[in-house]
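What follows is a single structure, written as structure tokens, with notes after it.
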Amino acid sequence: MKIGCHLSVANGFYKAGLQAVSIGANSFQFFTRNPRGGRAKELNLSDLDKLRTLMKEHDFGSILAHGSYTMNLCSNKEETREYAKNLLRDDLKRVAQIPGAIYVFHPGSHVKQGAEKGIEYIIEALNEAITEPLDVVVCLEAMSGKGTEIGRSFEELQRIIEGVKYNENLGVCVDTCHLYSAGYDIIDNLENVLNDFDEILGLNRLKAVHLNDSKMPFNSNKDRHERIGEGTLGLEGILRLINHPVFKNIPFNLETPNEINGYAEEINLLKSNIT
Ligand code: FE
Ligand code: FE
Ligand code: ZN
């Protein structure tokens with residue numbers, strides 16, 4: 001199993017890789033820049049080389065580069081959309097240099113312009129940023145549907161993907177907290193949810209999982225992550241999910257409210273329950 005958690009790369013990528021290894025992880029997630037936006041640090045190529053070697057030594061899966069939360073490609077303000085487009089272009093260039101990295105971003109919030117309009121803007125932005133076949137995998141994250149979020153359903157995600165010209169390397173990162181909040185019952189009806197995913201998106205589009213429990217009830221459209229086993233999803237259901245063959249080679253990353261020791265415990269718990 002490939003599993004990790006969200007880590008800081010403030011001290012470099014190699015250090016983050018070492019920290020991942022120290023907690024039993026063979027993947028991790030990081031923000032491409034300050035999550036609230038702004039300029040990204042120059043990439044240090046020798047640091048990335050050291051990470052590449054470390055990842056080989058420890059049989060890492062893909063790692064996840066998460067875009068900024070402020071990157072709203074379907075804002076109602078042109079200025080905000082332009083800013084988001086610049087972040088996206090810059091992120092894609094950077095992520096291509098980071099070994100084994102998959103890019104994950106939140107599709108955006110349509111701010112009462114309607115999902116139609118929002119989807120249109122997101123497609124436009126992706127087509128402007130992706131002007132040739134991509135080397136990196138780019139994932140839209142499946143969202144809980146809070147406020148005016150786009151990406152609350154497999155249909156919305158599929159409409160975006162099919163609107164993008166070079167979409168071979170576009171995929172979806174599912175977040176277990178978000179799916180459950182969006183009304184996909186991955187706990188009591190996992191098989192049906194996966195069938196829906198397959199029919200609408202195709203399972204080949206499933207590239208990554210954010211593994212979180214939720215503080216909020218099923219179908220609440222609320223986005224509050226909880227520690228594994230302490231929320232409404234529960235340990236039993238989460239263990240069933242991680243053992244499903246569909247997820248066999250898909251990296252899981254935790255975004256649970258934890259310090260590093262808590263992550264180490266969760267990774268240990270999950271790994272020891274793979275059957
Ligand atoms: Fe996210
Ligand atoms: Fe997430
Ligand atoms: Zn979330």
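Whatever order the structure lists them in is the order used to number ligands and atoms, beginning at 1.
With respect to the Zn ion (ligand 3), H225 has NE2 as its nearest N, O or S atom. When you scan the N, O or S atoms of H210 for the one nearest the Fe ion (ligand 2), you land on ND1. Residue E141 approaches the Fe ion (ligand 1) most closely through its N/O/S atom OE1.
H178 contributes NE2 and D223 contributes OD1; the angle these two atoms make at the Zn ion (ligand 3) is 90°, rounded to 10°. Vertex the Fe ion (ligand 2); arms to D175 OD2 and E255 OE1; angle rounded to 10 degrees, 90°.
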- Query: Between D91 and Y103, does a side chain to side chain donor-acceptor pair (under 3.5 Å) hold up when you go through it step by step?
  - Reply: CA-CA 8 Å; D91 276 353; Y103 185 57; 2.6 Å; yes
- Go through the steps to decide whether F197 and Y184 satisfy the test ring-ring contact (aromatic ring centres under 6.0 Å, His included), and finish with yes or no. CA-CA 10 Å; F197 190 102; Y184 289 103; 9.0 Å; no
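When distances to the Zn ion (ligand 3) are checked against a cut-off of 2.8 Å, H210 contributes no N, O or S atom below that limit. Here E255 fails the criterion, with no N, O or S atom under 2.8 Å of the Zn ion (ligand 3). Residue H106: an N/O/S atom is found under 2.8 Å from the Fe ion (ligand 1). Among the backbone and side-chain atoms of C177, no N/O/S atom is found under 2.8 Å from the Zn ion (ligand 3).
Put simply, the side chain of V9 does not reach to within 4.5 Å of the side chain of K41, judged on heavy atoms.
Within a 6.0 Å sphere centred on NZ of K15, other residues, nucleotides and ligands contribute 12 heavy atoms or fewer. Counting heavy-atom neighbours within 6.0 Å of E128 CD, excluding the residue itself, gives a total above 12.
Aromatic pair H178/H225: ring centres closer than 6.0 Å. Aromatic rings of H6 and F30 (six-membered ring for Trp) have centroids beyond the 6.0 Å cut-off, not under it.
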